[in-house]
Amino acid sequence: QKEVEQNSGPLSVPEGAIASLNCTYSDRGSQSFFWYRQYSGKSPELIMFIYSNGDKEDGRFTAQLNKASQYVSLLIRDSQPSDSATYLCAGALDGQNFVFGPGTRLSVLP
Amino acid sequence: DGGITQSPKYLFRKEGQNVTLSCEQNLNHDAMYWYRQDPGQGLRLIYYSQIVNDFQKGDIAEGYSVSREKKESFPLTVTSAQKNPTAFYLCASSPAGVSHYYGYTFGSGTRLTVV
């Protein structure tokens with residue numbers, strides 16, 4: 001069973017701090033990974049994707065991928081209360097469809 | 001604006017009843033997907049379709065059925081055989097063959113409750 005694992009949280013950080021969200025996966029052949037943000041009762045929205053080893057930055061968000069360690073992370077700098085949501089990690093693990101992790105609930109405290 | 005429209009937003013099902021969830025997209029995407037989300041769990045794939053008139057079962061297809069008669073539409077029927085249908089249902093789409101570099105676009109979801 002190909003899996004994506006995430007700590008369910010909640011992860012609480014003070015406003016202005018860096019939030020670090022982590023994800024591990026089971027399939028070494030995985031090609032790409034996506035981070036989605038999901039507010040309570042809403043559908044997921046794409047934040048970032050990454051498919052090369054290393055870092056990828058977009059505004060306050062940085063995605064990191066380490067294929068040797070089978071590890072993906074999302075850093076949110078200068079966290080805001082509006083960043084409070086569940087963050088889903090998804091990997092293209094089976095060559096066709098994505099496998100989603102259970103999500104990490106982030107709470108940014110004013 | 002292009003996007004995916006799911007309806008209804010809320011749906012109530014009586015025991016033994018079949019219900020159909022609508023999903024329509026105007027993004028010209030070939031691939032469409034249905035996921036189920038339960039509290040504290042990730043999205044689980046029910047069915048997916050890469051082209052018109054063809055679809056495949058996902059991880060939890062039992063008790064569900066789909067059709068893909070048009071590129072734009074991918075309705076999901078929750079049958080009476082699905083014993084625990086209360087969940088949040090999400091429809092998604094992507095261009096065929098490049099979803100690994102594109103990701104999915106999601107609809108706004110349908111919350112189904114058994115009464």
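Just so it is clear: chains get the letters A, B, ... in the order the sequence lines come, proteins before strands, and each one is counted from 1.
At least one side-chain heavy atom of A:Glu57 sits less than 4.5 Å from a side-chain heavy atom of A:Arg77. Between A:Phe100 and A:Val4 there is no side-chain heavy-atom pair separated by less than 4.5 Å. Residues B:Ser93 and B:Tyr104 are not in side-chain contact: their nearest non-hydrogen atoms beyond the backbone lie 4.5 Å or more apart.
Checked options B:Arg68, B:Gln25, B:Glu24; the residue passing with B:Ser73 is B:Glu24 (criterion: side-chain hydrogen bond (donor to acceptor under 3.5 Å, both in side chains)).
Interface residue A:Gln38: only side-chain heavy atoms are found under 4.5 Å from chain B. For B:Gln6, no part sits under 4.5 Å from any heavy atom of chain A, backbone or side chain. Looking at B:Leu43, the atoms closer than 4.5 Å to chain A (heavy atoms on both sides) sit in the backbone and in the side chain alike.
At a cut-off of 3.5 Å, with distance as the only test, no side-chain donor of A:Ser8 or A:Arg105 sits close to an acceptor on the other residue. Counting only N and O atoms by type, the side chains of A:Asn66 and A:Gln64 include no donor and acceptor under 3.5 Å apart. For the residue pair A:Glu5 and A:Thr24, no side-chain donor N or O sits within less than 3.5 Å of a side-chain acceptor on the partner.
Contact residues of residues 74-91 of chain B toward chain A are B:Phe88, B:Leu90 (heavy-atom distance under 4.5 Å). Proximity to chain A among residues 107-115 of chain B is limited to B:Gly107, B:Ser108, B:Arg111, judged by heavy-atom separations below 4.5 angstrom.
Contact between A:Glu15 and A:Val108 at its shortest, heavy atoms only, is CA-CG1, 3.7 Å.
The residues B:Asp38 and B:Arg36 are annotated as salt-bridged, a charged nitrogen and a carboxylate oxygen being separated by less than 4.0 angstrom.
Ring planes of A:Tyr36 and B:Phe106: perpendicular class, angle over 60° (limits at 30 and 60°).
Figure legend: B:Lys57 and B:Tyr64 shown without cation-pi pairing, the cationic atom not lying both under 6.0 angstrom from the six-membered ring centre and within 45 degrees of its axis.
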